[in-house]
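The structure under discussion appears below in the form of structure tokens.
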Amino acid sequence: MASASLRSRCRGQDRARLEARGLDLPLWHEDGRLRTLGVMDAAMLKLYRQDWRTDMGLPDDGVAEHVP
């Protein structure tokens with residue numbers, strides 16, 4: 001398991017990288033644990049929802065807010 005200082009450093013680097021890109025993604029718990037892959041996938045999908053829908057060939061109309 002990673003040490004607390006390593007987790008803290010990684011978390012800080014990730015947050016700085018995201019902030020530099022103007023992104024606010026919930027990748028880390030406050031206690032330093034990385035969130036689950038499902039949570040991270042959902043955050044990324046939400047961020048790039050329209051791009052994903054276009055890539056998948058899905059129509060723009062009739063989009064439900066609670067699903068991709």
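Just so it is clear, the structure is predicted and the values come from calculations on it, not from any experiment.
The structure places CH2 of Trp52 at 14.5 Å from CG of Leu47, a figure rounded to the nearest 0.5 Å. How far CG of Asp51 is from CE of Met56: 11.0 Å, rounded to the nearest 0.5 Å.
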Output side-chain donor-acceptor pairs under 3.5 Å for residues 35-43, partner residues at least two apart or in another chain, one line each.
unit_1 : atom_1 : unit_2 : atom_2 : d
Arg35  : NE     : Pro26  : O      : 3.1
Arg35  : NH1    : His29  : ND1    : 3.4
Thr36  : OG1    : Val39  : N      : 3.3

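With sequence neighbours left out, Arg15 forms a side-chain hydrogen bond (donor to acceptor under 3.5 Å, both in side chains) with no residue at all. Applying the side-chain hydrogen bond (donor to acceptor under 3.5 Å, both in side chains) rule to Arg21 yields no partners; only residues at least two apart in sequence or on another chain are considered.
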For this session: Quick one: do Thr54 and Gln50 satisfy side-chain contact (heavy atoms from CB on, under 4.5 Å)? Show the steps, please.
Result: CA-CA 6 Å; Thr54 299; Gln50 189 54 49; 3.4 Å; yes
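Between Leu27 and Leu34, the shortest heavy-atom contact is O-CD1, 3.3 Å.
The backbone N or O of Pro59 lies less than 3.5 Å from a partner atom in the side chain of Arg53, making a donor-acceptor pair.
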